[in-house]
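Accompanying notes for the structure given below.
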Amino acid sequence: MMRRACKITAAARALAGEMVRPGVTTKEIDKAVHDFIVSQGATPSFLNYSGYPASACISVNQTVIHGIPDSRVLNEGDIVSVDVGAYFGGFHGDCAATFACGEISPEAQKLIDVTKQSFFEGIKFARQGNRVSDIGHAVQEYVEANGFSVVRDFIGHGVGANLHEEPEVPNFGKPGRGPRLIKGMTIAVEPMVNMGTHMVRVLRDGWTTVTADGKLSAHYENTVLITDGEPEILTVTEGL
Ligand code: MF3
Ligand code: CO
């Protein structure tokens, strides 16, 4: 059930990514995500979660996470983070990615690429016997070596029967801390990477989280299964 929830979630992310182009509103993308998840017999995990009013979080440019879809029209050069969750058979999937809207600057493309690669650097350590903070340490080292910063105020998490479960999965810190990873655990690893300062602030809507300096931010997330060997990314579209 969790594998299926994750595949639906990944397919919703892919659908959203294909819709990112100049002229589209974030609300249109949210509606497509919502309708797709429901068409699969699943429920959007985020809708009404702590009062969140949509099925996707769509975070443009300096918005880091939790952008609320609205009538905003995407423009050429925007970078657009889409975060989705689907609940199926009693379990959640959770994943995100940042997409380019038309032609974007080389710096913006580097931010997207470094953010995605930092996830893969992190999950090299997502192995039975390691500790949770080994993941975040690797993420932070890679991001900072590339001249960017890692958000501290929001972190990854366990995911399963609940969208947010233990353990906390920060994208920063010293290695060798936190709970030990054991096969069968499912965690959402989700680096949020800023071009400038790591500091963020939440707007008065209580959700929209933006960089403190107004510079760009990117996000990349997958739900990952710990095994006794290589970690397995569950939020993949193959086999849906
Ligand atoms: N992927 C995000 C997370 O892991 C999205 C949650 S948005 C919310 O927390 F609306 F559900 F809160
Ligand atoms: Co998450």
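Every number for a ligand or one of its atoms is a count from 1 in the order of the listing. One is the number of the first residue; the rest follow in order along the sequence.
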Linking I/L/V/M/F/W/Y whenever their side-chain heavy atoms sit closer than 4.5 Å, directly or via other members, would Phe172 and Leu111 fall into one cluster?
-> yes

Identify, by atom number and element, the atoms of ligand 1 in contact range of [X], meaning under 4.0 Å from any of its heavy atoms.
| X | answer |
| --- | --- |
| Cys57 | 7 (S) |
| Tyr52 | 10 (F) |
| Glu190 | 1 (N), 3 (C), 4 (O) |
| Tyr49 | 8 (C), 11 (F), 12 (F) |
| Glu221 | 1 (N), 4 (O) |
| Asp94 | 1 (N), 3 (C), 4 (O) |
| His66 | 6 (C), 7 (S) |
| Leu163 | 11 (F) |

Flag for Asn222-Thr235: side-chain donor and acceptor within less than 3.5 Å |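 The answer is yes; a qualifying pair exists.
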
Under 30°, 30 to 60°, or over 60°: which ring-plane class applies to Tyr52 and His66, parallel, tilted or perpendicular?
-> tilted

Quick one: sort the Tyr220 and Phe119 rings into parallel, tilted or perpendicular, breaks at 30° and 60°.
-> perpendicular

Close side-chain approach of Asp94 and Asp83, heavy atoms under 4.5 Å |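 The answer is yes; the side chains approach within 4.5 Å.
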
To which protein heavy atom is [atom] closest, and what is the distance rounded to 0.1 Å?
| atom | result |
| --- | --- |
| atom 4 (O) of ligand 1 | His157 NE2, 2.7 Å |
| atom 2 (C) of ligand 1 | Asp83 OD2, 3.0 Å |
| atom 9 (O) of ligand 1 | His164 NE2, 2.6 Å |

Note: NE2(His157)-the Co ion (ligand 2)-OD2(Asp94) angle, rounded to 10 degrees, equals 90°

Rounded to 10°, how many degrees is the angle OE2/Glu221-the Co ion (ligand 2)-OE2/Glu190?
-> 90°

Decide, yes or no, whether a salt bridge links Glu221 with Arg13 under the criterion of side-chain N to carboxylate O below 4.0 Å.
-> no

Does a side-chain N-to-carboxylate-O contact under 4.0 Å join Arg21 and Glu76?
-> no

Using non-hydrogen atoms of the residue, decide whether Phe154 is closer than 4.0 angstrom to ligand 1.
-> no

Looking at Tyr49 versus His164, is the centre-to-centre ring distance below 6.0 Å?
->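 Centroid distance Tyr49-His164: below 6.0 Å, so yes.
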
Report yes or no: is the cationic atom of Lys110 (NZ for Lys, CZ for Arg) closer than 6.0 Å to the six-membered ring centre of Phe148, at no more than 45° off its axis?
-> yes

